[in-house]
Amino acid sequence: MARISLQNVSKSFGGDQGPWAVNKFSLEVEDGELVVFVGPSGCGKSTTLRMIAGLDDTTSGTITIGGRDVTGLPPKDRNVAMVFQNYALYPQKSVYDNMAFGLRVRGEAKQEIDRRVRAAAASLDLESLLHRKPRQLSGGQMQRVALGRALVRDPDVFLLDEPLSNLDAKLRVKMREEIATLHARLGATMIFVTHDQVEAMTLGDRIVIMRDGLIQQAGKPLELYDRPANTFVAGFIGSPEMNLIDGQLSDASGRLEVRSGDLSVGIPEKTFARSGQNVTLGIRPEHLVISNGSPLEMTVNLVEQIGAQTYLMGTLAGHKMRAVLQRRDEIRAGDKLPIAFPSERLHLFDSTSGASLRMAQTGGKIGVMENA
């Protein structure tokens, strides 16, 4: 397998002056790493993947795979395998022939083709399906065939472009587990594109969050969850999304607090913000707690029971809030609950730039981040 390096890679479909689908994208993907590109539709993640594959030319920048500059090379000379959202199987060919097709085009020996196809089929539980045509397969089986077709090529890099988006929810979970298992077994370098943050969190060694062609933050899943670089990342990672409240930082008798209308929430002293600054306070729904005696009271508007957890949507001091609790069967719409904001779980962002001003406490330490 191989290391991938992207240096200031940009793509414009309108010429050298933009607008930019991808803008100065720089990233190092280590050998054997599974990196997930995630972001909303139109953020540039699939375009970046297609530039790595050679399916789209770069407007500027350099792409290297295994130390070899592949920026100007056609796809066939990059030794990458791509798995598409729509499977891209030949409907008239059997599973065996679909998996063997690329090897035949390359002129591999018949015996070697058979060995590779059957080995890949065994690893993906496709041995009993080799004689079938795609129309005789389920969505999950077709996706495994698409993976198998990539696997037999023994590529340096696997590129997967939203491969699970056409599957139902239960099958997506199963296929996600299969891809994770395959990656662990092969030790392959993989880049996986998705718009689903749950897929990103569960699959990726690292996650790259994109927006409008730019990297917003790159890091390990829990690093992004615990220390989001800005309000976009904070709202994108986590389900339900983080509660964000616009307010102003004030000094109340030597104690810093965020005020927003009738809501006042004290924060720890470690922050780059200053009194009077407009800020955005963030706290994840799962970090709100019911605390008898708290002066903050949330009126419950909606209760959703999700088995082991209870999701609440309500209003607190005029602000819409979401809370996630361990299962509570007795809570009903209209109830008023005393809610506390644990200070070690608070996030603070600049209201203008959205950049993090302070990171929540992790591992017993409170960190800080300058405007990023």
Side-chain angles (χ1 to χ4, degrees), residues 38-41 164-165 167-173 176 194-202 207 209 211 221-222 224-228 230-248 257-267 278-349 351 354 356 360-361:
V38 65
S41 296
L164 310 184
S165 60
L167 306 179
D168 62 55
K170 186 174 182 180
L171 194 51
R172 286 180 76 147
V173 173
R176 195 168 71 213
T194 182
H195 62 274
D196 186 328
Q197 58 98 11
V198 174
E199 284 180 9
M201 291 289 288
T202 54
I207 299 174
I209 298 182
R211 182 189 189 191
L222 291 181
L224 271 59
Y225 176 86
D226 288 330
R227 298 184 292 278
N230 54 43
T231 51
F232 177 79
V233 175
F236 196 86
I237 293 294
S239 181
E241 66 186 59
M242 183 183 288
N243 295 300
L244 295 171
I245 302 169
D246 290 328
Q248 189 175 72
E257 62 182 23
V258 175
R259 291 182 179 175
S260 180
D262 295 331
L263 178 66
S264 296
V265 178
I267 65 169
N278 292 328
V279 296
T280 299
L281 180 71
I283 186 167
R284 296 198 179 279
E286 56 271 30
H287 293 155
L288 290 172
V289 296
I290 296 177
S291 177
N292 292 329
S294 172
L296 302 176
E297 189 175 72
M298 184 172 81
T299 300
V300 178
N301 299 325
L302 180 66
V303 180
E304 295 180 334
Q305 298 292 358
I306 317 292
Q309 294 178 315
T310 298
Y311 287 14
L312 305 178
M313 282 177 277
T315 305
L316 191 154
H319 298 278
K320 292 182 179 179
M321 301 290 290
R322 297 180 182 89
V324 177
L325 311 174
Q326 292 301 308
R327 179 172 169 174
R328 296 286 298 267
D329 293 6
E330 77 281 6
I331 297 177
R332 298 288 185 271
D335 288 352
K336 297 183 184 299
L337 304 175
I339 295 293
F341 288 57
S343 61
E344 71 276 10
R345 295 295 194 177
L346 297 177
H347 301 260
L348 200 63
F349 306 93
S351 287
S356 176
Q361 179 175 328

**Any side-chain heavy-atom pair of Pro342 and Ile283 under 4.5 Å** = yes
**Request:** Could you grab the distance from atom CE of Met242 to atom OG1 of Thr231, nearest 0.5 Å is fine?
**Result:** 10.0 Å
**Prompt:** Taking Met321 as the fixed residue, which of Leu296, Ile245, Thr299 is the one that meets the side-chain contact (heavy atoms from CB on, under 4.5 Å) rule?
**Reply:** Ile245
**Asked** Are any of the side-chain heavy atoms of Leu316 and Phe341 separated by less than 4.5 Å?
**Response** yes
**Request:** Answer whether the closest heavy-atom distance between the side chains of Ile290 and Ile339 falls below 4.5 Å.
**Result:** yes
**Asked** Donor-acceptor pair, Gln197 side chain versus Val38 backbone, under 3.5 Å?
**Response** no
**Within-4.5 Å side-chain heavy-atom neighbours: Asn243 and Leu288** = yes
**Asked** What are the two closest heavy atoms between Gln326 and Thr310, and how far apart are they?
**Response** O-OG1, 4.2 Å
**Asked** Listed by chain and number, what are the ring pair (Phe, Tyr, Trp, His ring centres under 6.0 Å) partners of Phe232, not counting sequence neighbours?
**Response** Phe236
**Item:** Donor-acceptor contact below 3.5 Å, side chain His319 vs main chain Ser260
**Value:** yes
**Prompt:** Quick one: CD on Glu257 to CG on Leu281, what's the gap to the nearest 0.5 Å?
**Reply:** 11.5 Å
**Complete:** Scanning both residues in full, the closest heavy-atom pair of Ala340 with Ser291 reads CB-CB, 3.7 Å
**Message:** Can you give me the closest heavy-atom contact between Pro228 and Arg284, atom names plus distance?
**Reply:** CG-NH2, 4.4 Å
**Asked** Can you tell me how far the CD1 atom of Ile209 sits from the CG atom of Asn230, to the nearest 0.5 Å?
**Response** 8.5 Å
**Request:** Decide yes or no on side chain to side chain contact (heavy atoms under 4.5 Å, CB included) for Ser356 and Arg227, but give the supporting numbers first.
**Result:** CA-CA 8 Å; Ser356 176; Arg227 298 184 292 278; over 6 Å; no
**Message:** Measuring only between side-chain heavy atoms, which start at C-beta, is Ile207 closer than 4.5 Å to Met201?
**Reply:** yes
**Asked** To the nearest 0.5 Å, how far apart are CG in Asp329 and CD in Gln305?
**Response** 5.5 Å
**Complete:** When every non-hydrogen atom of Pro240 is compared with those of Val324, the smallest separation belongs to CD-CG2, 3.7 Å
**Request:** Tell me, with the steps shown, if Leu164 and Thr194 meet side chain to side chain contact (heavy atoms under 4.5 Å, CB included).
**Result:** CA-CA 8 Å; Leu164 310 184; Thr194 182; over 6 Å; no
**Complete:** Output for pair (Ile306 CD1, Leu325 CG), nearest 0.5 Å, gives 12.0 Å
**Message:** Is there a side-chain contact between Leu312 and Leu302 in this structure, where contact means two heavy atoms from C-beta onward sitting under 4.5 Å apart?
**Reply:** no
**Prompt:** Where is the tightest heavy-atom contact between Leu263 and Ala317, given as atom of each residue plus distance?
**Reply:** CB-CB, 3.8 Å
**Request:** Give the C-alpha distance, both sets of side-chain angles, the deciding distance and a yes or no for side chain to side chain contact (heavy atoms under 4.5 Å, CB included) between Val303 and Asp335.
**Result:** CA-CA 10 Å; Val303 180; Asp335 288 352; over 6 Å; no
**Asked** Should we count CG of Asp168 as having more than 12 external heavy atoms under 6.0 Å?
**Response** yes
**Complete:** Note: Gly307 and Arg327 closest approach over all heavy atoms is O-CD, 3.2 Å
**Prompt:** When you look at Arg322 and Glu241, which way does the side chain to side chain contact (heavy atoms under 4.5 Å, CB included) test go after all the steps?
**Reply:** CA-CA 8 Å; Arg322 297 180 182 89; Glu241 66 186 59; 3.9 Å; yes
**Message:** Taking the side chain as everything from C-beta on, heavy atoms only, tell me whether Val289 gets closer than 4.5 Å to Arg345.
**Reply:** no
**Prompt:** Side-chain contact, heavy-atom cut-off 4.5 Å: Asp246 with Asn278?
**Reply:** no
